[in-house]
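First the structure, in the form of structure tokens, and then the observations on it.
From a predicted model like this one, the values you see are computed outputs, not experimental measurements. Numbered from 1 within each chain, the chains take letters A, B, ... in sequence-line order.
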Amino acid sequence: MDYTFNAIEAKWRQIWQERNTYKVSEDSSKPKFYVLDMFPYPSGAGLHVGHPLGYIASDIFARYKRLKGFNVLHPMGYDSFGLPAEQYAIQTGQHPAITTKENIARYRQQLDLMGFSFDWDREVRTSDPSYYKWTQWIFKQLFDAYYDLTLDKATPIASLIRTFEQEGNSNTNAVHDCEQRFDAAAWAAFSPEAKEAVLQQYRMAYLAESWVNWCPALGTVLANDEIVNGVSERGGHPVEQKRMMQWSMRIKAYAERLLEGLDRIDWTDALKEQQRNWIGKSKGSSVQFAVKDADLQIEVFTTRPDTIFGVSFMVLAPEHPFVEQICTPAQAQEVQAYQQQAALKTERDRQADVKNITGAFTGAYALHPFTGQEIPIWIGDYVLASYGTGAVMAVPCGDQRDYDFAKHFNLPIPNIFADQDISEAAYAEKDAVIANSDFLDGLDAKSAMEKAIAAIEAKGIGQGKTNYRLRDAVFSRQRYWGEPFPVFYQDGLPHLVDDALLPVTLPDVDAYLPTQDGEPPLARAAKEAWSCQLGERMEYNTMPGWAGSSWYFLRYMDPHNQEAFAGPDKLAYWNQVDLYIGGSEHATGHLLYARFWTKALHDLGFIHFDEPFAKLINQGMILGKSAIAYIGPDQKMYSLDMLPENKEGFREVRILIDLLNDDESIQLDALKAWQPQYAAQEFVCNADGKVLVKREVDKMSKRWYNVVTPDDLCEKYGADTLRMYEMFLGPLEQSKPWDTKGITGVHGFLKKYWRLFHINGHFEVEDSQPSPAALKTLHKTIKKLTDDLERFSFNTGVSSFMICVNELTEQKCNNRHILEQLTILMAPYAPHICEEIWAQLQPASPTIFNSEYPIFDPSYLTESSFDYPVSFNGKMRFKATLELALSIDEVKEVILAKPETQKWLEGKDPKKVIVVHGKIVNIVL
RNA sequence: GCGGAUGUGGUGAAAUUGGUAGACACGCCAGACUUAGGAUCUGGUGCCGAGAGGUGUGCGGGUUCGAGUCCCUCCAUCCGCACCA
């Protein structure tokens, strides 16, 4: 009987579905284990071979844990709000919900082919009203909360309001942006507008002005991603920095806890480091510089208050609110021109471009707080409005960017470091003794810092302070395809929609574009299109992509609950995600926001854990291999080996990789049929009459024509082969180019495994006592496999199976016990074939996945001797088989007596002989 | 620019704690079988060399009896950088 993988796989997929093999429910008799994948955005291109990589790994692990006796939660869903469906809607008019539904159907079909053990009853879709009802509900909790620093947690805002009513805000200890101080009487006298304006400065979800990339021509805000070379990717229109009223999330309140929590979770150091850097904690001091001849104080934050006597100028961000006020008439034109120029650059461009130093002098001066010296105030785009206070005190001798700016504009560079040469570059190390600094002279950086902060505080112009690079997260989008806010406006004030009216469903609109006057698309909706219509108007913004993905792992625990985002009993049973697998590109987005929401929900008493993902693994990206063809100045397509030395006038075109033969030559007729511009293409073929292409590694993407889908491979080799092959490619965490060449090796392995059970085409196993050799092979494999799985080394796991099957084949092993155990071991990797074999071995058992995982017995592996590698000066020269019972001294003696040893000693006396028992002998000459 | 990662045969890679570099595969070479198959099986395959042997984990240095692994300098490639998901 042949290994008819297509029939076997289709059969078992159906049986699993009929028998609900992967349905899971709470079961207190078993330990639980929660294995989660980052859910995909269902794009129009379908799944490519890169998507399943992490899913295969998590599926293997989930099945392994199940065999180990755990009650495993392993769900899947879709992050189904997002820009691509909206762009498609803009182009075609098709409602994003339809596009999304179609894409999900395609994804599901492809996921099913791979034989994953997902419990599909628990599927969630972020764009489903029954799901985003609870996203809206969570937003409401955050709107109704503030961060209490005394309790060190998010707290209902009602208690803050009570405090305001009783005593005002002088003694409140909360995270806020409120400059205003008021007592109880003043609070009572505030208008509702004034009260709300104050509360907005405390709420976890609040309205405030933020900097955005505004594209006037498109009437919309753009992501940095959508801006190429300073203009919009779509249409090529200019983009400018603009301040707009936006919803934000007060994630900064959690900066310290987000840092501290990293110590309690099992993530890679690299990922933790990325989050730490993103949060960017730094200690230093705020300092106010008075502006000369103006009643203004410029506040800066510095990590180096010890260098305050090195300040020779100040730089404000071009957008700093003071610029207009302080700019002298003589400089106004230059400053305005510079502001306009800076507004056209994105933040990233501004940070990345250090070669072009630009800036403008405002004509104004600040006064040094200690020397009273006049300090010129400049503006420069290396200072960002959205970071810190949007202003820096420039210490050119101690900071390279300040140094470069000073050199470029010929500003003074006073040296405040004893014995440091700053003629070529700034000295940024903190180990120099401070000089030329009045009361800081002679101090090291640390003492100088303390003394400077004390002096700053004594003067009342600032204070020692911890600063975070982390910014509050902008939470509104001027888009259509996202969650509507549960918010309406009355008298210009935002109000929450009552729980009973949730969800506020997405209204239909006539077009998915902003309105003429730049209002978001939802402003187009007719009143009756809204599921509820309150106040003067509903909120027209929608939530960002990260809203729905910040809590979906909770919904899987109780996906059909109508009364709560998840029931307390379910939340208590499933608890944290034990293993989370997904791409590292989410390191500072999703993974930070999800931690933030989890902590907030924890603080408000809805869940009892405050870190969502106990362990996290980043799978690498599978890259595509693009096919590049060359078209010459004569418009002919040249074979790679027919290109002239001088390729001037040649251009590269990417062609669909499906049009290639195995030898990397183009199927010319297929190319002509592929795209009209190639219909009459002429070619310069090589001696074999072929047109060869160059292969180049790129991100796998539709636009590079290098996408490989799992579908064809499943058809050709089967899902089990594809699953094992993707694991065999290399370490899970590593990025690697996709290459189908090696897949035959894995496919051949499965056939070889199949043959272990089939003699002359018939299924046959024998029931005698297994041989010691077979037991040794089996138990070696059990040990290796278990170790590999526990450290998520799936690639070496596959090779261990290969070694095992090779050995058993060589031993002609056909023993039931051995093969049964091997089949259970392999079932997580290749579920279909193993289930099929299992059905033959144990016809009464409904599924192999209720079996018990084999237990390793070391007694089968005990060895009495060891092949000692004998090396001289660290180079291995020969091997000697010795009894392991020999002591180190005995080994030394036997080895030194060997004739081979004498040969390599060349008559010399060894200086030293090192014996590591059971490992190595090294003789030093 | 800032932050993170990665560099080992022709290719994907292995080497888990500092202890035999290249397991397991792909490819290639030679052969067997044959109803000629994208089937199966056997042997070989880092590089140089006829061989003895030499050499070899991005470059250069260091620590060590011993370094792919630890430390330092440099180079190259990839990912993220706040409204893509």
> For the ring pair A/Phe81 and A/Tyr41, is the centre-to-centre distance below 6.0 Å?
Replying inline: no

>> Give me each pair satisfying salt bridge (charged side-chain N to carboxylate O under 4.0 Å, His left out) with a member in residues 737-757 of chain A, each pair once, sequence neighbours excluded.
In response: A/Lys625-A/Asp739

> With a cut-off of under 6.0 Å to the ring centre and 45° to the axis, is A/Arg276 in cation-pi contact with A/Trp267?
Replying inline: no

Side-chain donor-acceptor contacts of residues 208-215 of chain A below 3.5 Å, not counting sequence neighbours, with atom names and distances?
| unit_1 | atom_1 | unit_2 | atom_2 | d |
| --- | --- | --- | --- | --- |
| A/Glu209 | OE1 | A/Arg243 | NE | 3.4 |
| A/Asn213 | OD1 | A/Gln241 | NE2 | 2.8 |
| A/Asn213 | ND2 | A/Leu222 | O | 3.1 |
| A/Asn213 | ND2 | A/Asn224 | OD1 | 2.9 |

Set out, line by line, the N/O atom pairs under 3.5 Å between protein and nucleotides 11-14 of chain B.
| unit_1 | atom_1 | unit_2 | atom_2 | d |
| --- | --- | --- | --- | --- |
| B/G12 | O2' | A/Leu729 | O | 2.4 |
| B/A13 | OP1 | A/Gln734 | NE2 | 2.8 |
| B/A13 | O3' | A/Asn795 | ND2 | 3.4 |
| B/A14 | OP1 | A/Asn795 | ND2 | 2.6 |

> Which pairs count as salt bridge (charged side-chain N to carboxylate O under 4.0 Å, His left out) when at least one residue sits in residues 797-807 of chain A, sequence neighbours excluded?
Replying inline: A/Lys780-A/Glu807

>> Run the side-chain hydrogen bond (donor to acceptor under 3.5 Å, both in side chains) test against A/Arg125 and tell me which residues pass, sequence neighbours left out.
In response: A/Glu123

Collect all protein-nucleotide pairs involving nucleotides 53-58 of chain B in which both atoms are nitrogen or oxygen and the distance is under 3.5 Å.
| unit_1 | atom_1 | unit_2 | atom_2 | d |
| --- | --- | --- | --- | --- |
| B/G53 | OP1 | A/Lys903 | NZ | 3.2 |
| B/G54 | OP2 | A/Arg877 | NH1 | 3.0 |

> So what stems show up for RNA chain B if we need 3 or more Watson-Crick or G-U pairs in a row, all under 3.5 Å?
Replying inline: B:1-7 with B:75-81, B:10-12 with B:24-26, B:27-32 with B:40-45, B:46-48 with B:53-55, B:60-62 with B:70-72

>> Just to verify, what does A/Tyr753 make a ring-ring contact (aromatic ring centres under 6.0 Å, His included) with, not counting sequence neighbours?
In response: A/Phe757

> By salt bridge (charged side-chain N to carboxylate O under 4.0 Å, His left out), which residues pair with A/Asp867, not counting sequence neighbours?
Replying inline: none

Using atom names, set out every protein N or O paired with an N or O of nucleotides 41-46 of chain B below 3.5 Å, distance rounded to 0.1 Å.
| unit_1 | atom_1 | unit_2 | atom_2 | d |
| --- | --- | --- | --- | --- |
| B/C41 | OP1 | A/Arg755 | NH2 | 3.1 |

> Applying the ring-ring contact (aromatic ring centres under 6.0 Å, His included) test to A/Tyr725, which of A/Trp738, A/Tyr717, A/Tyr829 qualifies?
Replying inline: A/Trp738

Could you list the protein-to-nucleotides 62-72 of chain B atom pairs, N/O on both sides, closer than 3.5 Å?
| unit_1 | atom_1 | unit_2 | atom_2 | d |
| --- | --- | --- | --- | --- |
| B/C65 | O2' | A/Asn922 | ND2 | 3.2 |
| B/C65 | O2 | A/Asn922 | ND2 | 2.7 |

Kindly list each side-chain donor-acceptor pair under 3.5 angstrom involving residues 582-593 of chain A, sequence neighbours excluded, with atom names and distances?
| unit_1 | atom_1 | unit_2 | atom_2 | d |
| --- | --- | --- | --- | --- |
| A/His590 | ND1 | A/Ser549 | O | 3.3 |
| A/His590 | NE2 | A/Tyr580 | OH | 2.7 |

